[in-house]
Novice: 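Structure in C-alpha cells, see below.
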Amino acid sequence: MEEETSKETGNDRIVEDKFYSDAKDYWAAVTPTVDGMLGGFAKISPTDINGSKAFLRPYMKISGGSVTPKRALDCGAGIGRVTKRLLLPIFEEVDMVEQDKHFCDNARSFIGPESNRVVNIFCSGLQNFVPAQGAYDLIWSQWVLGHLEDQDLVKFFQRCRAGLAEGGIMVVKENTVDAESKTFDDNDSSYTRSRTELMDCMLKAGFKILIDQKQKDFPKDLYPVYMFALQ
Ligand SMILES: C[S@@+](CC[C@H](N)C(=O)[O-])C[C@H]1O[C@@H](n2cnc3c(N)ncnc32)[C@H](O)[C@@H]1O
C-alpha cells in the first residue's frame, strides 16, 4: 500500500494512507443531505428503510428474537439518515460513528428533537474505531464497508463482535458485485465486493452468518444490495 504511515497511540493503530485519505477528501465535498448520502438517489431512501425494518423485525425481542431494543450503533452514519428513520424509532439510545466532521456537525439538526437520544457521535474512521465492549444490542453498518481495506474490515468485524451485548446482532447492508472479485471506484476510493468476499471477511472475524437477503424493489441499474445478520 502506497504512502502508508502507521502510528502507535496507546493501544490504537492509526491507519493513514492514500486509499483512506482520498475517500475522506471525497466525502468532505459532499452536501450534508439525504441526496448527498445516497449519491443522488434520495428517492430510494423510503424503500431502503422499509426493507431494513422488515429485515430487522424477526430478530427483535418483541417478535421472539434475541435483540433488546436498548442501545444501537450506526456505523458510517453520515448525517444520521439510518439513525433517524430506522434506529431511533426502535431503540432507546443510539450512538453514531462517522469519519467526516461536517456530517457529524450537521447530524443533530438533521435528526431533530429525537437527537436527544443520540448519546455519542464519534467522529472517527471505522478502521480506527473500537466499540465499547459488550455495549450494543445492534450494530448497523450500511454503505460504508467498501471504504475499508480487507484486513481492516476483518479487524473491524472482530471489534464489533466484541462490542455486541448478550443476544445482540450486527447487520451489514452493502452493494455487491456479481463478479467473483471486487471492483474499485477511484471516484470515492471504495471497493464493491462480491457476496462471497464479504462473507469471507465476516467468517474470518469469527461471525456466524444468520441470514443474507437481497433488498427488494431497488432500481435495476443499481448494484444488488444485500443485508446480512451476524452474531
Ligand atoms: C454512502 S454514505 C452512507 C451513509 C449512511 N450509512 C446512510 O446509509 O445514509 C457513506 C458514509 O460513510 C462515511 N465514511 C467513508 N469512509 C469512512 C470510514 N473509513 N470510516 C467511517 N465512515 C466513513 C462517509 O463519510 C459517508 O458518511
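Whatever order the structure lists them in is the order used to number ligands and atoms, beginning at 1.
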Novice: Could you find the nearest protein heavy atom to atom 23 (C) of ligand 1 and give me its residue, atom name and distance?
Specialist: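 The answer is Val144 CG2, 3.5 Å.
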Novice: Considering only heavy atoms, does Val82 approach ligand 1 within less than 4.0 Å through its side chain, its backbone, both, or neither?
Specialist: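 Side chain only.
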Novice: Any luck finding a side-chain donor-acceptor pair between Gln142 and Asp74 under 3.5 Å?
Specialist: no
Novice: Going by distance alone, is a donor N or O of one side chain under 3.5 Å from an acceptor N or O of the other, for Asp35 and Thr33?
Specialist: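 Asp35 vs Thr33: no donor-acceptor pair found between side chains.
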Novice: State the atoms of ligand 1, each with its element, that fall below the 4.0 Å cut-off from a heavy-atom position in Ser124.
Specialist: 21 (C)
Novice: Would you indicate whether Gln133, at its atom CD, is surrounded by more than 12 heavy atoms from other residues, nucleotides or ligands within a distance under 6.0 Å?
Specialist: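 Check fails, neighbour count at 12 or below.
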Novice: Just heavy atoms, cut-off under 4.0 Å: does Gln127 contact ligand 1 by side chain, backbone, both, or neither?
Specialist: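 Side chain only.
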Novice: Within the structure, does Arg81 bring an N/O atom to less than 3.5 angstrom of an N/O atom in ligand 1?
Specialist: yes
Novice: With distance as the sole test, does Asp48 use its side chain to make a donor-acceptor pair with the main-chain N or O of Ile44 at under 3.5 Å?
Specialist: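 Not a single qualifying donor-acceptor pair exists.
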Novice: Of the protein's non-hydrogen atoms, which lies at the shortest distance from atom 1 (C) of ligand 1, and what is that distance?
Specialist: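 For this ligand atom, the closest protein heavy atom is Met37 O, 3.1 Å.
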Novice: So, for Ile79 and Met96, which heavy atoms are closest and what is the spacing to 0.1 Å?
Specialist: C-CE, 4.1 Å
Novice: I'd like to know if Ser141 contacts ligand 1, where contact means a heavy-atom distance under 4.0 Å to any ligand atom.
Specialist: no
Novice: With backbone taken as N, CA, C and O and side chain as the heavy atoms from C-beta onward, which portion of Phe129 lies under 4.0 Å from ligand 1: side chain, backbone, both, or neither?
Specialist: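 Near ligand 1, Phe129 shows nothing, with every heavy atom at 4.0 Å or more.
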Novice: Give the atoms of ligand 1, by number and element, whose distance to some non-hydrogen atom of Gly78 is under 4.0 Å.
Specialist: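 Result: 27 (O).
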Novice: Hey, is ligand 1 close enough to Leu126 that some N/O pair sits below 3.5 Å?
Specialist: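 The answer is yes, given that Leu126 and ligand 1 share an N or O pair closer than 3.5 Å.
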Novice: Under 3.5 Å between some N or O of ligand 1 and some N or O of Asp100?
Specialist: no
Novice: If you measure every N or O of Gly76 against every N or O of ligand 1, does any of those distances drop under 3.5 Å?
Specialist: yes
Novice: Return the residue, atom name and 0.1 Å-rounded distance of the protein heavy atom closest to atom 17 (C) of ligand 1.
Specialist: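 Going atom by atom, the protein heavy atom closest to atom 17 (C) of ligand 1 ends up being Gln99 NE2, 3.6 Å.
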Novice: Do any nitrogen or oxygen atoms of Trp143 come within less than 3.5 Å of a nitrogen or oxygen of ligand 1?
Specialist: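 Between Trp143 and ligand 1, no N or O pair is found under 3.5 Å apart.
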Novice: Got more than 12 heavy atoms from elsewhere within 6.0 Å of NZ, Lys24?
Specialist: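 Incorrect, the count does not exceed 12.
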Novice: Going by side-chain hydrogen bond (donor to acceptor under 3.5 Å, both in side chains), Arg195 matches just one of Thr176, Asp212, Asp200. Which one?
Specialist: Asp212
Novice: Would you say CG of Asp178 has more than 12 non-hydrogen atoms from neighbouring residues, nucleotides or ligands within 6.0 angstrom?
Specialist: no
Novice: Taking Ile111's backbone N and O only, do any of them form a donor-acceptor pair with Ser115's side chain (distance below 3.5 Å, no angle check)?
Specialist: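 No; judged by distance alone, with no hydrogens or angles, the pair does not exist.
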Novice: Kindly indicate, with the supporting measurements, whether the criterion side-chain contact (heavy atoms from CB on, under 4.5 Å) is fulfilled by Val172 and Met202.
Specialist: CA-CA 10 Å; Val172 169; Met202 294 162 182; 4.0 Å; yes
Novice: More than 12 foreign heavy atoms under 6.0 Å from CZ of Phe184: is that the case here?
Specialist: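 Count over threshold, so yes.
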Novice: Would you check the N or O atoms of Trp27, main chain and side chain alike, for any that come under 3.5 Å of an N or O of ligand 1?
Specialist: no
Novice: Distance to 0.1 Å, residue and atom name: give those for the protein heavy atom nearest to atom 15 (C) of ligand 1.
Specialist: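 The closest heavy atom on the protein side is His147 CD2, 3.4 Å.
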Novice: Give the numbers and elements of all ligand 1 atoms closer than 4.0 Å to a heavy atom of Gly125.
Specialist: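 Reading through ligand 1 atom by atom, the close ones are 20 (N), 21 (C).
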Novice: For atom 25 (O) of ligand 1, what's the nearest protein heavy-atom neighbour? Residue, atom name and distance, please.
Specialist: Glu98 OE2, 2.6 Å
